[in-house]
Amino acid sequence: MTPLLATQALHCSFARPHGARVKAVDGVDLALAPGEALGLVGESGCGKSTLLRLLLRLQAAESGTIRFAGVDVTRATGRALAPLRRGVQAVFQNPHAALDPRASVFAAVAEPLRIQARLSRRALADRVQGLLHEVGLPAEFLWRYPHELSGGQKQRVCIARALAPGPKALLLDEPTSALDVSVQAQIIDLLAALREREGLAFLFVSHNLAVVRQLCDRVAVMNAGKVVEQGAADAVLAHPQHAYTRTLLRAVLPPRPRSLQGSTAPGQEAAR
């Protein structure tokens, strides 16, 4: 099966003071199949968000290739980029910064439809209202502005906007990290339901390995710009093969305190 979105030997670096450069993405090979959910994990600064920007063509690659539905889009411009722009959409980490404070919910969700589709005024209104319904927001939210929404409601609007062009894949960059814990669970459930209903592929960047295990089929582990391990999510997270993956798992899931590990009854001292 041809991957929906794939990279081969992808490189990107940034200049440092005094002429040095830092390799943000260093020879990454990655493939996302149609309908698949791929988790991308690693510590802050390892290159995850830069990789997403490269895939979206918001950042230029220095070398390597990016293919969408088998077509090389690494240096495509103009109309040649249209299939990628329609087929791959993003949901970013901070919903508070992702929405124009001067635009209503209707305007935010309608914008990609105005660009990508030619709809009558009535068809546009129906489509926007339908998208809000898909993400669990009633029609009364259509004419609200971002300052009138909670964080979870803003992220639902961002997801509705991403769904508007009818994409085949969503690139999700820590979409729940800026939200309260209870709201995080609601957004994860929403994403899982949308994936099942729409057949979407996900590239899901997250520090929350429990969420990655719940939502993703496969996981790729990044360190210093490289993908050091990838495979089935359950296998990688339960039996990591690379030393960095083991270190990452220990950092996220530390051992229980010694006082909780023994079986000493309350009021008794442990045997020495």
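Residues: numbered from 1 along the sequence shown. What you see is a predicted model, and the numbers here were worked out from it, not measured in a lab.
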| field | Spatial distance of atom CZ (F106) from atom CG (L131) [nearest 0.5 Å] | value | 10.5 Å
| request: Kindly indicate whether the side chain of L81, heavy atoms from C-beta on, has any atom under 4.5 Å from the side chain of L84. | output: yes
| remark: Applying side-chain contact (heavy atoms from CB on, under 4.5 Å) to S177 and not counting sequence neighbours gives Q93, E174
| Under the 3.5 angstrom rule, does the side chain of R218 hit a backbone N or O of G39 as a donor-acceptor pair? | no
| Is the shortest heavy-atom distance from the side chain of W143 to the side chain of V105 under 4.5 Å? | no
| said: According to a hydrophobic-cluster definition based on side-chain heavy atoms being under 4.5 Å apart (Ile, Leu, Val, Met, Phe, Trp, Tyr only), do M222 and L32 belong together? | reply: yes
| query | Hey, does L5 have a side-chain heavy atom less than 4.5 Å from the side chain of R67? | reply | no
| Parallel, tilted or perpendicular: which fits the ring planes of H147 and Y145, with parallel below 30° and perpendicular above 60°? | parallel
| task | Under the salt bridge (charged side-chain N to carboxylate O under 4.0 Å, His left out) rule, what do D217 and R195 come out as? Steps first, then yes or no, please. | result | CA-CA 12 Å; D217 307 308; R195 181 192 170 209; 2.5 Å; yes
| said: Tell me the closest heavy-atom pair linking P112 and R161, and the distance in Å. | reply: CG-O, 3.7 Å
| Quick one: does L99's side chain get under 4.5 Å of C158's, heavy atoms only? | yes
| Which residue pairs pass the side-chain hydrogen bond (donor to acceptor under 3.5 Å, both in side chains) test when at least one of the two sits in residues 45-56, sequence neighbours left out? | S49-D173
| Beyond-backbone contact of S104 with R144, side-chain heavy atoms, under 4.5 angstrom | no
| said: Keeping R246 on the side-chain end and H239 on the backbone end, is there a donor-acceptor pair under 3.5 Å? | reply: no
| Between E229 and Q241, is there a donor-acceptor pair closer than 3.5 Å when you use the side chain of the first and the backbone of the second? | yes
| Can you hop from F141 to V91 via hydrophobic side chains spaced under 4.5 Å? | yes
| task | Ignoring hydrogens and angles, state whether a donor on the side chain of H96 or K154 is under 3.5 Å from an acceptor on the partner side chain. | result | yes
| request: May I ask you to test the L215-F204 pair for a side-chain heavy-atom distance under 4.5 Å? | output: yes
| note | Value for CD (Q153) from CD1 (I187), rounded to nearest 0.5 Å, stands at 9.5 Å
| Side chain of Q155, backbone of G152: donor and acceptor closer than 3.5 Å? | no
| Any sub-3.5 Å donor-acceptor pair from Q230's side-chain atoms to V219's backbone N or O? | no
| message | Suppose the criterion is side-chain hydrogen bond (donor to acceptor under 3.5 Å, both in side chains): which pairs have a residue in residues 71-90, not counting sequence neighbours? | response | D72-T74
| message | Salt bridge or not between E62 and R21? Use side-chain N to carboxylate O under 4.0 Å. | response | yes
| query | Short question: side chain of E36, backbone of A33 - any donor-acceptor pair under 3.5 Å? | reply | yes
| Is there a side-chain contact between R114 and L124 (heavy atoms, below 4.5 Å)? | yes
| Donor-acceptor pair, N208 side chain versus V211 backbone, under 3.5 Å? | yes
| request: Could you tell me whether K226 and D29 have a side-chain N and a carboxylate O separated by less than 4.0 Å? | output: no
| message | Counting C-beta onward and ignoring hydrogens, is there a side-chain heavy-atom pair between L40 and L52 closer than 4.5 Å? | response | yes
| Is it true that a side-chain atom of Q8 and a backbone atom of T65 form a donor plus acceptor pair closer than 3.5 Å? | no
| query | Can you check whether V135's main-chain N or O pairs, donor with acceptor, with R156's side chain at less than 3.5 Å? | reply | yes
| query | Is there a donor-acceptor pair closer than 3.5 Å between any side-chain N or O of T7 and the backbone N or O of V28? | reply | yes
